[in-house]
Amino acid sequence: MKCGVVSIIGRPNAGKSSLINALLKTHALIISPKPQTTRNSVRCIWNDEGAQIIFTDTPGLYRVTNERDKLGIFLNDEIAQALADSDVIIWLVDACTRKLQPDDYAAAEALPAKIPVILAANKSDKSDPANAFRLYDSLRTFAAKIAVSAKAKRGLDSLIAALMPLIPEGEPLYDPDILMDTTERFMASEIIREKVLMLLRDEVPHCVAVVIDEYKSPDEYPGRKKLYVRASLITETDGQKKIVIGSKGEMIKRIGEASRKSLEEVTGHEAYIDLWVKVVPDWRRNPAALRRLGYAD
Ligand SMILES: Nc1nc2c(ncn2[C@@H]2O[C@H](COP(=O)(O)OP(=O)(O)OP(=O)(O)O)[C@@H](O)[C@H]2O)c(=O)[nH]1
Ligand SMILES: [Mg+2]
């Protein structure tokens with residue numbers, strides 16, 4: 001048997017979470033057109049007869065420019081930890097890239113020297129990746145270069161084939177029935193955050209965190225017919241709170257409705273979701289608040 005950990009890193013919006021969903025043929029991870037969707041590194045488990053690959057999703061590469069940006073520091077810690085724990089790294093870039101950015105040079109330097117790196121160019125359904133390959137090739141050597149499309153499900157077998165020789169021998173770390181190394185509560189909070197990203201505009205979603213206050217599943221409480229979730233949406237200001245609630249509560253109702261549908265699909269239970277909106281001033285800069293919101297190790 002082979003078993004190894006493969007971290008996927010790259011700029012925000014490159015399609016890292018989408019690629020893992022495509023590889024696992026599920027919608028396990030939340031995705032959105034807005035950058036900085038992913039905030040925690042999450043392990044997802046891929047199995048076939050001879051191998052288990054643990055794909056670690058990471059937040060988009062992010063440059064902290066202000067020491068008070070404690071959420072940004074946490075995102076970077078998540079990436080650094082994932083890199084350190086990897087057997088192989090996939091650097092996922094956008095096939096449409098026309099010019100390297102300062103972040104790309106910083107990423108090339110942050111990659112550990114001893115771990116093999118595969119360059120994967122995503123969104124190859126939109127653009128020929130030849131130019132992106134040429135640009136990133138100038139930054140370092142790669143174990144392989146693969147064109148993929150998470151959306152069109154292209155290049156996935158080639159990516160697995162390129163990974164396989166780099167995966168060490170070893171027994172599986174996870175039971176083959178396990179899809180993700182997270183809790184149902186975490187998944188529920190991510191589903192709600194995905195709807196916040198989908199339905200709210202501009203900067204507002206980035207100022208929102210979700211806390212699950214109560215989670216009662218029929219799996220644990222057989223007397224219950226429905227899954228009950230009570231969650232708080234945390235904003236930084238009163239103005240954001242008003243936007244999240246919307247006029248006559250219309251926005252929070254839409255977020256709740258969309259979350260309920262996704263949660264029912266994922267858990268297979270009828271669900272009831274009770275959403276509250278609370279202000280925690282400046283939570284993204286407040287280490288104690290970040291700890292309570294799950295953005296701390
Ligand atoms: N055309 C096209 N769009 C894609 C592809 N893969 C992902 N996308 C879109 O790109 C956007 C970002 O996808 P995500 O998977 O959230 O990207 P990410 O790299 O995880 O982003 P962060 O978590 O913010 O770092 C979404 O709107 C996806 O639908 C692809 O292969 N082709
Ligand atoms: Mg993501």
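Remember, it's a predicted structure, so these values are computed and weren't measured experimentally.
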Output yes when a side-chain donor or acceptor of Ser7 lies under 3.5 Å from a complementary backbone atom of Ala82, and no otherwise.
yes
What is the distance from atom OH of Tyr62 to atom CZ of Arg39, rounded to the nearest 0.5 Å?
10.5 Å
Using only heavy-atom distances, determine whether the side chains of Tyr215 and Glu184 contain a donor-acceptor pair under 3.5 Å.
yes
Looking at side-chain heavy atoms only, is the closest gap between Cys207 and Thr235 below 4.5 Å?
no
Distance in Å, Tyr272 OH paired with Arg224 CZ, rounded so as to fall on 0.5 Å steps:
12.0 Å
Result of checking Lys195, His27, Glu194 against Ser262 for side chain to side chain donor-acceptor pair (under 3.5 Å)
Lys195
Once you round to the nearest 0.5 Å, how far does OG of Ser138 lie from CG of Leu100?
5.5 Å
Apply the test salt bridge (charged side-chain N to carboxylate O under 4.0 Å, His left out) to residues Glu236 and Arg284: give CA-CA distance (whole Å), side-chain angles for both, the deciding distance (0.1 Å), then the verdict.
CA-CA 8 Å; Glu236 288 189 320; Arg284 287 186 293 177; 3.2 Å; yes
salt_bridge(Arg193, Glu190) N-O dist < 4.0 Å
yes
Give the ring-plane orientation class for Trp91 versus Tyr136, where under 30° counts as parallel, over 60° as perpendicular and anything between as tilted.
perpendicular
Are Asp103 and Arg11 close enough for a salt bridge, meaning some N to O gap below 4.0 Å?
no
Does any N or O in the side chain of Asn21 come within less than 3.5 Å of the main-chain N or O of Ala28, such that one atom is a donor and the other an acceptor?
yes
pair Asp104-Leu135: side-chain heavy atoms closer than 4.5 Å
no
Hey, are the side chains of Asp94 and Asn13 touching, using non-hydrogen atoms and a 4.5 Å cut-off?
no
Counting neighbours of NZ on Lys34 that are heavy atoms of other residues, nucleotides or ligands and sit closer than 6.0 Å, is the number greater than 12?
yes
For a side chain to side chain contact (heavy atoms under 4.5 Å, CB included) check, start with the C-alpha distance between Lys16 and Leu29, then their side-chain angles and the critical distance, and finish with the verdict.
CA-CA 10 Å; Lys16 300 175 293 298; Leu29 298 165; over 6 Å; no
Side chain proximity check, Tyr174 to Asp181, heavy atoms < 4.5 angstrom
yes
Under 4.5 Å between side-chain heavy atoms, hopping through other hydrophobics if needed: is there a path connecting Ile8 to Ile54?
no
The residue among Leu200, Ile243, Val244, Ile245 that forms side-chain contact (heavy atoms from CB on, under 4.5 Å) with Met251 is Leu200
Between Val208 and Gln240, is the side chain to side chain contact (heavy atoms under 4.5 Å, CB included) condition met? List the steps.
CA-CA 9 Å; Val208 174; Gln240 291 156 3; 6.0 Å; no
Could you pull out the closest heavy-atom pair between Leu61 and Ala107, with the gap in Å?
CD1-CB, 3.3 Å
Which atom of Thr38 lies closest to which atom of Ser17, heavy atoms considered:
OG1-OG, 2.9 Å
Using 30° and 60° as the class limits, which term best fits the ring planes of Phe55 and Trp46: parallel, tilted or perpendicular?
perpendicular
Do Val204 and Leu197 belong to the same hydrophobic cluster, where Ile, Leu, Val, Met, Phe, Trp and Tyr are linked whenever their side-chain heavy atoms lie under 4.5 Å apart, directly or via other members?
no
Are any of the side-chain heavy atoms of His269 and Asp219 separated by less than 4.5 Å?
yes
Nearest 0.5 Å, what's the CG-NZ distance between Asn131 and Lys99?
12.5 Å
Determine whether Leu233 and Ile252 satisfy the following criterion, side chain to side chain contact (heavy atoms under 4.5 Å, CB included), listing intermediate values before the conclusion.
CA-CA 10 Å; Leu233 279 66; Ile252 192 75; 4.0 Å; yes
Note, Leu19 side chain near Leu159 side chain (heavy atom, < 4.5 Å)
yes
Out of Leu83, Asp57, Thr56, Ile90, which residue meets the side-chain contact (heavy atoms from CB on, under 4.5 Å) rule with Ile9?
Leu83
Between Lys153 and Ala22 the two heavy atoms that sit nearest each other are CD-CB, 4.1 Å
Linking I/L/V/M/F/W/Y whenever any side-chain heavy atoms sit under 4.5 Å apart, do Met164 and Val5 land together?
no
Asp282 side chain vs Arg285 backbone, donor-acceptor pair below 3.5 Å:
no
Going by heavy atoms in the side chains, are Thr182 and Met187 under 4.5 Å from each other?
yes
Would you indicate whether the side-chain heavy atoms of Val211 and Leu293 approach each other to under 4.5 Å?
yes
Minimal non-hydrogen separation, Glu78 against Ser41, with atom names:
OE1-N, 2.7 Å
In plain terms, say whether Glu264 and Arg260 are close enough for a salt bridge, that is, a side-chain N and a carboxylate O under 4.0 Å apart.
yes
Closest approach of Glu67 to Ile73 (non-hydrogen atoms, all atoms of both residues)
O-CD1, 3.5 Å
Is there a path of hydrophobic side-chain contacts, each under 4.5 Å between heavy atoms, that joins Val88 and Val93?
no
Gap separating the CG atom of Leu24 from the CD1 atom of Ile45, nearest 0.5 angstrom:
8.0 Å
Give a yes or no answer on whether the side chain of Asn122 reaches the backbone of Leu92 with a donor-acceptor pair at less than 3.5 Å.
no
Ignoring hydrogens and angles, state whether a donor on the side chain of Tyr228 or Asp274 is under 3.5 Å from an acceptor on the partner side chain.
yes
Would you say that more than 12 heavy atoms from the other residues, nucleotides or ligands in this model lie under 6.0 Å from the CG of Asn66, or not?
yes
Using the rule that two of Ile, Leu, Val, Met, Phe, Trp, Tyr join whenever any of their side-chain heavy atoms come within less than 4.5 Å, decide whether Val42 and Leu23 are in one cluster.
yes
Atom CZ in Arg185, atom CD1 in Ile212: separation rounded to 0.5 Å?
7.0 Å
Please assess Tyr295 against Trp283 for the test side chain to side chain contact (heavy atoms under 4.5 Å, CB included), listing each intermediate value before the final yes or no.
CA-CA 10 Å; Tyr295 300 124; Trp283 67 260; 4.0 Å; yes
If every non-hydrogen atom of Ser127 is compared with every non-hydrogen atom of Arg98, which pair is closest and at what distance?
OG-NH2, 3.2 Å
